[in-house]
Protein chains: 2
Amino acid sequence: MATEKPATPMGTVSFRLGLLGVAQDALYSARLTDLDLKPKHVALLCVLRLHGAESQMELARLLGVAPSLVVLLADHLEGLGALHRVRDPADRRRQSLRLTDAGLRLLESATEVAAQLDREIVAGLPAAERAALSNALDRLLPPRAR
Amino acid sequence: MATEKPATPMGTVSFRLGLLGVAQDALYSARLTDLDLKPKHVALLCVLRLHGAESQMELARLLGVAPSLVVLLADHLEGLGALHRVRDPADRRRQSLRLTDAGLRLLESATEVAAQLDREIVAGLPAAERAALSNALDRLLPPRAR
DNA sequence: TATTGTTATACTCTATAACTATA
DNA sequence: TATAGTTATAGAGTATAACAATA
C-alpha cells in the first residue's frame, strides 16, 4: 500500500510541496510589506542570528544565492538600520555583517508575522500531523539553510 | 509542549515550508528543461487532466494566475502539440483547451520526473512521516489547486 | 455595456559579467 | 594572479492595462 504510480504530478509529494511552498512564500512576502522586508531579507537575518557569518561570500553560500544578491539584500537591511558592515582588519577585502539591536527587533517582528501564518495555516491540522510536517521540513531542508 | 514562541522564523512551519517549496520548485523546473516545460505548464496540464476547464478564464482562476499568463502558457503548450484550442460554438469568445494524446504523454513524462524527485527526496523519511507530510500537503493546498 | 481572450507594457527578482580594491 | 565586494547589465517570470471580438 505504498505510493502507487501517480497519474499526474499532483500525486507526488515534491510537486505539491512546490505549489504550497511557492504560495507560502508569496503570502509571507505580502505580510512583510509593512516591515519593508522580503523573505530573502528575513533568511539573511536568520542566518546572521543563528550562525553568524565571516563574510558576505559565506553568507551567499549559506543562503544559496549569488554574492551580488547578498550585496543588495545587505544594502537594504543596512538602510533599515538592521545591520552594519564592519571591515575585517585582518583582511580588508572582507566585510562582516553584524546585527544591530534594531535588526534583532526587526527579526522578532518577522518571526511574529510567520508565527501568525502558522496559527492561521496549521490550525486545521491535527497535532500529530503538524508535528510530523515540522519534522519532515527539518529533515528535508538543506543543512546550509538551517 | 506545543510550539514554544520561536526565536526566528526558522522555527515556524510556514517559513520553512516556503524555503523548501521554493527550492523544490526550482529543482523541478531544472529537471523539466528536456521536456521544455516549467512547473506552471505542468500545473495547467494537471488541471486539464483532472478537472477539465470550460474556458481560459476558468483556468486562470483555478491556477491562481492572471488570464494573460494562461494565454502564454497555452501558447507554449499548443506549440508543443500538447493541447489545442477549440472555440465554444455557443459562445464564440470562449476557447476550451483540450489535451491531445501528445499532451497526455507529456504529462506522464512530467509525472515521472516528479516521481523521481520524490524517490530522491523523501527517501530519507520514515514511512509514517512521509505519509503525514503527504496528508498535510493535501489539507493545506488551496482546494482550487486540486 | 460586460466579458473572453489577447497584446503591450512595465515591474520584480536574480543571475552573469565586468570592475575595484585588497591580498 | 586570485579573491571579496560591488556595480552594470540582461533575462526570466508575471502582473496590469489597453485593446479586439463577441455577447
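Side-chain contact between Met10(A) and Arg49(B) is absent, with no heavy-atom pair separated by less than 4.5 Å. Side-chain atoms of Leu37(B) and Leu77(B), non-hydrogen and from C-beta on, do get closer than 4.5 Å to each other. Proximity of Leu48(B) to Leu107(B): side-chain heavy atoms (C-beta onward) are nowhere separated by under 4.5 Å. At a threshold of 4.5 Å between non-hydrogen side-chain atoms, the residues Leu27(B) and Ile121(B) count as touching.
Applying the side-chain hydrogen bond (donor to acceptor under 3.5 Å, both in side chains) test to residues at least two apart or on different chains, the pairs with a partner in residues 69-80 of chain B are Asp75(B)-Arg85(B), Glu78(B)-Arg85(B). Pairs passing the ring-ring contact (aromatic ring centres under 6.0 Å, His included) check and including a residue from residues 77-121 of chain B, sequence neighbours excluded, do not occur. Here side-chain hydrogen bond (donor to acceptor under 3.5 Å, both in side chains) pairs that include residues 24-39 of chain A, with residues two or more places apart or in two chains, are Arg31(A)-Glu120(A). For residues 102-111 of chain A, no pair satisfies side-chain hydrogen bond (donor to acceptor under 3.5 Å, both in side chains), with sequence neighbours left out. The stretch residues 86-140 of chain A participates, sequence neighbours left out, in no ring-ring contact (aromatic ring centres under 6.0 Å, His included) pair at all.
Between Ala74(B) and Ala90(A), the residue anchored nearer the 5' end of DNA chain C, judged by the nucleotide with its closest heavy atom, is Ala74(B).
One atom, NE2 of His76(B), and another, P of dT14(D), lie 13 Å apart when rounded to the nearest Å. In this structure, CG of Leu44(B) is placed 12 Å from P of dT14(D), rounded to the nearest angstrom. Protein atom CG of Leu97(A) is 13 Å distant from nucleotide atom C1' of dT6(D), rounded to whole Å. Following rounding to the nearest Å, Leu72(B) (CG) and dT14(D) (P) show an atom-to-atom distance of 10 Å. Gln95(B) places its CD atom 15 Å from the C1' atom of dA23(D), with the value rounded to the nearest Å.
Checked against side chain to side chain donor-acceptor pair (under 3.5 Å), Arg87(B) has no partners two or more places apart in sequence or in another chain. Not counting sequence neighbours, the partners of Asp91(A) by the side chain to side chain donor-acceptor pair (under 3.5 Å) test are Arg93(A).
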Between side-chain atoms of residues 95-104 of chain A and protein atoms elsewhere (two or more places apart, or another chain), which donor-acceptor pairs fall under 3.5 Å?
from: Ser96(A); atom 1: OG; to: Glu54(A); atom 2: O; distance (Å): 3.3
from: Thr100(A); atom 1: OG1; to: Gly81(A); atom 2: O; distance (Å): 2.6
from: Thr100(A); atom 1: OG1; to: Ala82(A); atom 2: O; distance (Å): 3.1
from: Thr100(A); atom 1: OG1; to: Ala102(A); atom 2: N; distance (Å): 3.3
from: Thr100(A); atom 1: OG1; to: Gly103(A); atom 2: N; distance (Å): 2.9

With 3.5 Å as the limit, what N/O pairs link the protein to nucleotides 16-22 of chain D?
from: dT16(D); atom 1: O4; to: Ser68(B); atom 2: OG; distance (Å): 2.7

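Chain B approaches DNA chain C over the interval dA2(C) to dT7(C), counting the first and last nucleotide 5' to 3' with an atom under 4.0 Å from its heavy atoms.
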Using side chain to side chain contact (heavy atoms under 4.5 Å, CB included), reason through Leu133(B) and Val13(A) one step at a time and then give a plain yes or no.
CA-CA 8 Å; Leu133(B) 174 60; Val13(A) 168; 3.7 Å; yes
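For the helix from dT1(C)-dA23(D) to dA23(C)-dT1(D), the angle separating the two terminal helix axes comes to 20°, with each axis derived from five pairs and the value rounded to 10°.
Of the residues in residues 33-42 of chain A, Lys38(A), Lys40(A) come within less than 4.0 Å of DNA chain C through at least one heavy atom, sorted by number.
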